[in-house]
Amino acid sequence: MKTRTPVDAAPVVIFSRVAVCALMFCSGCLQHKVSVVDGYRIDDKSGIPMLVPNAVQDIHSGEFQTATLTLPAGPSAAKIQVSKDCSIEGAVFSLQSGFGSTDRSWVVKSPSASGWDTVGEKADLDAQWKLFIGELGRMHGQGCFPAGLSIQSLRSAIAERIPLPANLVPIFMYTDKGERFVDLAPGMEIRIQTVLSTGNSINAGPSTSVRILTVNYDVVLRHGGGIGLKLTHHEDGGQRASPGAEDRQLLTLDQRFAATSVLRLFLGGVSEERQGKPESAPILLGASDVTRLDSLTDLIRKRDSIACVSEAGAVCADLPSGSVSLSSVIWINGRRTAIAFGTSLASQLFRLPEPKQAGALESVQVLRKLSLGRYANIQITRTVDGAQQLFLLPGDRIVWKD
């Protein structure tokens, strides 16, 4: 595939008229009203590829900017005045009530696209964002935001409104840099694949084949707020077997975590903070709120090996070592596709037969599903380098010419 591909504007424009229909998985554009907002562009003028919202921002001193965030109304649709405690005064990231001081209107301060590198020389941006998210959890617990909004949807809504380094967007949305955990959100898929435990074979006669259990869970939004798991697939490698106790636990994670509202998946391996300590096995942690989830995470971090801890109001499940993978569910030409979490657009282009790669790059259209239910188009440079700069998120919809 060539590094630079010339683009014929006419076919792309014609194709893009069809793209929105296909991206939205609709049977007809005229029958389905689709809310597509002015989206994003990749800006690498400063030397760091940045994913920048096209919406108007107010720039202050060149290093910082502010953006207005409007949240959806809660079930009552009433305008609720927020208290003085409902604010975050961070050195880098801050959040203040906006027009009318209601729980729906907010003003977010962050580094501007051009100021990100300069601010980063003066402050640890990753640490500042982590402090900001902790304070966001405090505000959520105090009822500063409309009812029914999860902390993850708030975090994503804010991250969607500020310029971010393109390669760090998944981290700012769902995890902390250097950590091996991901805060789960709708549009993700967990796959667990392990050797069946001591369950007895139902097949007549001896069997020496290894029996593999594969279990898939979708992360879904619950009615009334919060997230949960939905068992979507399980198989035992074609062997009819009676599952053992360990297998049954893996098949009932949706039930075990039914009472929790936030979920965090610790992936196996070693984080930057745990260099020199034993490699950890994956665990799934659930709690009623993000404050409790963070408290349990800190407690787990202090142990020599990552393992579940017991605490009232929380659920924890140890998962088989080396068995868990996390995927983002995206849609390509209307087809559901599970890709590795943190995958770039280029990696999906390279999966096509080589003769089709150039045509797909010329015609590709990407819409991002925003946390508040709308979609935003993303402008990219139609080169391999440009496609490598865009990291895909759960719920993204892509269409290209086959």
Side-chain angles (χ1 to χ4, degrees), residues 1-5 7 12 16 19 22-23 39-54 113 116 126 156 159-160 162-180 182-185 187-191 219 265 267 269 325-371 375-402:
M1 191 172 176
K2 296 180 181 179
T3 302
R4 184 96 188 170
T5 304
V7 180
V12 173
S16 65
L23 284 166
Y40 300 90
R41 67 184 186 277
I42 300 290
D43 185 345
D44 57 2
K45 295 178 182 177
S46 62
I48 303 174
M50 302 286 294
L51 184 68
V52 182
N54 289 333
W116 189 273
D126 300 312
S156 296
E160 289 161 0
I162 63 178
L164 291 172
N167 64 322
L168 297 182
V169 171
I171 292 174
F172 274 77
M173 289 277 196
Y174 305 113
T175 184
D176 291 331
K177 189 175 182 181
E179 294 284 5
R180 292 286 297 173
V182 176
D183 289 331
L184 300 183
M188 294 181 181
E189 178 191 84
I190 302 173
R191 167 169 286 199
V219 182
L265 177 65
L267 299 168
S325 60
L326 179 66
S327 299
S328 298
V329 176
I330 66 172
W331 300 86
I332 300 178
N333 287 352
R335 297 187 295 270
R336 173 185 164 124
T337 306
I339 63 172
F341 179 74
T343 295
S344 71
L345 174 62
S347 68
Q348 297 307 300
L349 286 164
F350 287 136
R351 294 175 66 90
L352 295 172
E354 188 170 356
K356 294 185 177 183
Q357 292 176 10
L361 181 60
E362 290 176 358
S363 60
V364 66
Q365 302 287 323
V366 181
L367 286 186
R368 174 148 296 166
K369 185 175 182 180
L370 303 179
S371 58
Y375 284 80
N377 54 45
I378 302 177
Q379 303 169 15
I380 67 166
T381 303
R382 296 181 183 278
T383 64
V384 172
D385 288 343
Q388 288 174 335
Q389 292 172 350
L390 179 61
F391 287 76
L392 300 172
L393 297 182
D396 282 355
R397 293 185 179 268
I398 301 168
V399 66
W400 53 46
K401 185 166 55 180
D402 284 331

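All residue numbers in this chain count up from 1 along the given sequence.
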pair Ile339-Ser328: side-chain heavy atoms closer than 4.5 Å: yes
Distance (rounded to the nearest 0.5 Å) between Asn377 CG and Arg41 CZ: 12.0 Å
Steps toward side-chain contact (heavy atoms from CB on, under 4.5 Å) verdict (Asp183, Thr175): CA-CA 6 Å; Asp183 289 331; Thr175 184; over 6 Å; no
Closest heavy-atom pair and its distance - Ile42, Gln389: CG2-OE1, 3.0 Å
Heavy-atom closest pair, residues Ala159 and Leu164: O-CD1, 3.7 Å
Interatomic distance, Arg397 atom CZ to Lys369 atom NZ [nearest 0.5 angstrom]: 7.0 Å
Listed partners of Tyr174 passing ring pair (Phe, Tyr, Trp, His ring centres under 6.0 Å), at least two apart: Phe341
Atom of Pro394, atom of Gly187 and distance for their closest heavy-atom approach: CB-O, 3.3 Å
Any Arg336 side-chain heavy atom under 4.5 Å of Trp331 side chain: yes
Of Val366, Asp385, Leu390, Leu51, the residue whose pairing with Ile380 passes side chain to side chain contact (heavy atoms under 4.5 Å, CB included): Leu390
Sequence-distant partners of Asp44, salt bridge (charged side-chain N to carboxylate O under 4.0 Å, His left out), two or more places apart: none
Residue pair Ile398 / Leu392, side-chain heavy-atom distance below 4.5 Å: yes
For Trp400 against Val364, the heavy-atom pair lying closest together: CE3-CG2, 3.8 Å
Backbone N/O of Leu352 and side chain of Gln357: donor-acceptor pair under 3.5 Å: yes
Arg335 backbone acceptor or donor facing Thr337 side chain under 3.5 Å: yes
For Arg351, side chain to side chain donor-acceptor pair (under 3.5 Å) partners two or more places apart: none
Partner residues of Pro165 under the side chain to side chain contact (heavy atoms under 4.5 Å, CB included) criterion, sequence neighbours left out: Ile48, Met50, Trp116, Asn167, Leu168
Salt bridge (charged side-chain N to carboxylate O under 4.0 Å, His left out) partners of Asp43, counting only residues at least two apart: none
Side chain to side chain donor-acceptor pair (under 3.5 Å) partners for Gln348, two or more places apart: none
Side-chain touch Phe172/Asp126, heavy atoms, less than 4.5 angstrom: yes
Considering all heavy atoms, the nearest Ala387-Leu349 contact: CB-CD1, 3.7 Å
Heavy-atom pair with the smallest gap, counting every atom of Ile171 and Asp176: CG2-C, 3.9 Å
Side-chain heavy-atom pair Leu184, Ile190 within 4.5 angstrom cut-off: yes
Point-to-point distance, once rounded to the nearest 0.5 Å, from CG of Asp396 to CG of Leu367: 9.0 Å
side-chain contact (heavy atoms from CB on, under 4.5 Å) assessment of Gln379 paired with Asn54: CA-CA 10 Å; Gln379 303 169 15; Asn54 289 333; 3.5 Å; yes
CA sep, side-chain torsions, deciding dist, call: Arg368, Tyr40, side chain to side chain donor-acceptor pair (under 3.5 Å): CA-CA 9 Å; Arg368 174 148 296 166; Tyr40 300 90; over 6 Å; no
Minimum side-chain heavy-atom gap Pro170-Leu393 below 4.5 Å: yes
